[in-house]
Amino acid sequence: MPDNGWPADRIDTENAHSARIYDYILGGKDFYPADQEAGDAMSREWPALPIHMRANRDWMNRAVRWLAEEAGVRQFLDVGTGIPTSPNLHEIAQAVSPDTRVVYVDNDPIVLTLSQGLLSSTPEGRTAYIEADFRDLTDLYEAPELLETLDLDRPIALTVIAIVHFMLDADDAVGVVRRLLEPLPSGSYLAMSIGTAEFAPEEVGRVAREYEARNMPMRLRTIDEAHAFFEGLELVEPGIVQVHKWHPDGTGEQGIRDEDIAMYGAVARKP
């Protein structure tokens, strides 16, 4: 039992997990041998995989900073949080405005176990963590942790980062995102990154097969399929683009080729 009181024996250390593979490739420390083996195998199939994953993380940083600085958002709902990696979303947003409030949502026991890293809010702001499955969020907006942290009458930025490619057609990812957006007021935002194989189909296809071999099937989407998530919303310029092309700030995009990136990113406002 770790210090936060959640049972560590819920964590499957024998089989690779997508969040821990991501953590390993990004140079984190919260992974197991199965995750390292999987990450190494995937990187052999597509050597640009670490570049791609880092670009997605950098995009998240820029998107959150834009939402806080340019859009003035002071409330965030992050669904599919993943393993804490500093700077976490609340650290980026609270660096702009210390009174920002953030609710994190994930269903992975290791994220739950490590969630103290997501709860280090500024005194002026607040963070909370909710354990819930992205495929079944029917009670999310009734959760006490959410209602005590976010004001549903004020704009909220819903962030769904690098998760929908693990949702198959039967999971109705577009429907899930729409149902999450529905209760949010006008002036709220959706920020998403969406996996694609359009720029390196052979290499990314091989990585997808490595995931599937480890019981993590993927559904990679075209640009037209990515647009479906944003129907009825007002896309922020430059629209849906590869993540390294969305508001580049010159700190990590130099030398990245389009074929190194398998993720679309976009931010859109709810009218």
Side-chain angles (χ1 to χ4, degrees), residues 1-57 60 78-86 88-89 104-120 129-137 140 159-173 176 193-197 200 202-221 262-263:
M1 182 82 72
D3 292 342
N4 56 23
W6 290 302
D9 60 7
R10 288 180 54 194
I11 300 171
D12 178 3
T13 63
E14 298 299 318
N15 297 295
H17 188 283
S18 58
R20 300 196 308 255
I21 295 169
Y22 187 72
D23 182 73
Y24 166 66
I25 291 177
L26 289 182
K29 56 182 175 54
D30 297 303
F31 60 87
Y32 295 95
D35 309 303
Q36 181 174 0
E37 181 276 329
D40 290 342
M42 294 168 186
S43 296
R44 285 194 297 271
E45 295 292 349
W46 187 34
L49 183 60
I51 297 171
H52 154 81
M53 288 187 170
R54 172 54 61 189
N56 176 72
R57 186 75 192 183
M60 186 277 285
D78 184 53
V79 178
T81 296
I83 291 173
T85 302
S86 188
N88 291 303
L89 188 153
Y104 293 104
V105 182
D106 205 294
N107 72 329
D108 183 358
I110 196 170
V111 179
L112 182 65
T113 300
L114 298 169
S115 64
Q116 288 302 314
L118 303 172
L119 301 176
S120 56
Y129 181 90
I130 298 173
E131 184 181 17
D133 192 325
F134 187 68
R135 295 168 179 81
D136 183 16
L137 296 171
L140 177 63
T159 56
V160 183
I161 312 298
I163 183 174
V164 294
H165 53 274
F166 291 112
M167 298 186 72
L168 306 182
D169 289 341
D171 298 316
D172 186 23
V176 170
S193 60
I194 301 165
T196 183
E202 292 185 8
E203 295 87 343
V204 176
R206 292 197 298 268
V207 172
R209 287 192 289 274
E210 291 289 342
Y211 272 103
E212 186 166 10
R214 294 164 177 82
N215 201 32
M216 293 177 281
M218 304 179 81
R219 173 64 164 87
L220 300 164
R221 291 173 170 83
M263 197 78 75

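Worth knowing before you read on, the calculation uses all heavy atoms, side chains too, and leaves out hydrogens, waters and symmetry mates. None of the values given here were measured: they were computed from a predicted structure.
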Mind running side-chain hydrogen bond (donor to acceptor under 3.5 Å, both in side chains) on N56 and Y22 for me, showing each step along the way?
CA-CA 11 Å; N56 176 72; Y22 187 72; 3.2 Å; yes
Test log, rule side-chain hydrogen bond (donor to acceptor under 3.5 Å, both in side chains), inputs D40 and Y24:
CA-CA 9 Å; D40 290 342; Y24 166 66; 2.6 Å; yes
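Minimum interatomic distance between S43 and I25 (heavy atoms only, all atoms of both residues): OG-CD1, 4.1 Å.
Between I83 and the choices L114, T113, L26, L118, the side chain to side chain contact (heavy atoms under 4.5 Å, CB included) rule is met once, by L114. With F134 as the fixed residue, the side chain to side chain contact (heavy atoms under 4.5 Å, CB included) test singles out one of V164, D171, L140: V164.
Using a 4.5 Å cut-off on side-chain heavy atoms (C-beta onward), N15 and R214 make no contact. R219 is listed as a side-chain neighbour of D169, based on a closest heavy-atom distance under 4.5 Å. Residues H17 and I110 fail the side-chain proximity criterion, which asks for heavy atoms closer than 4.5 Å. Side chains of M53 and R57 form no contact here, defined as non-hydrogen atoms less than 4.5 Å apart. Residues D106 and Y129 are in side-chain contact: their nearest non-hydrogen atoms beyond the backbone lie under 4.5 Å apart. In this structure the side chain of L220 reaches within 4.5 angstrom of the side chain of V204, judged on heavy atoms.
A donor-acceptor pair is defined here as one N or O able to donate and one able to accept, closer than 3.5 Å; no such pair exists between the side chain of D133 and the backbone of N107. Looking only at distances, a side-chain donor or acceptor of D23 sits under 3.5 Å from a matching main-chain atom of K29.
Aromatic ring orientation, W46 versus H52: tilted (interplanar angle from 30° to 60°).
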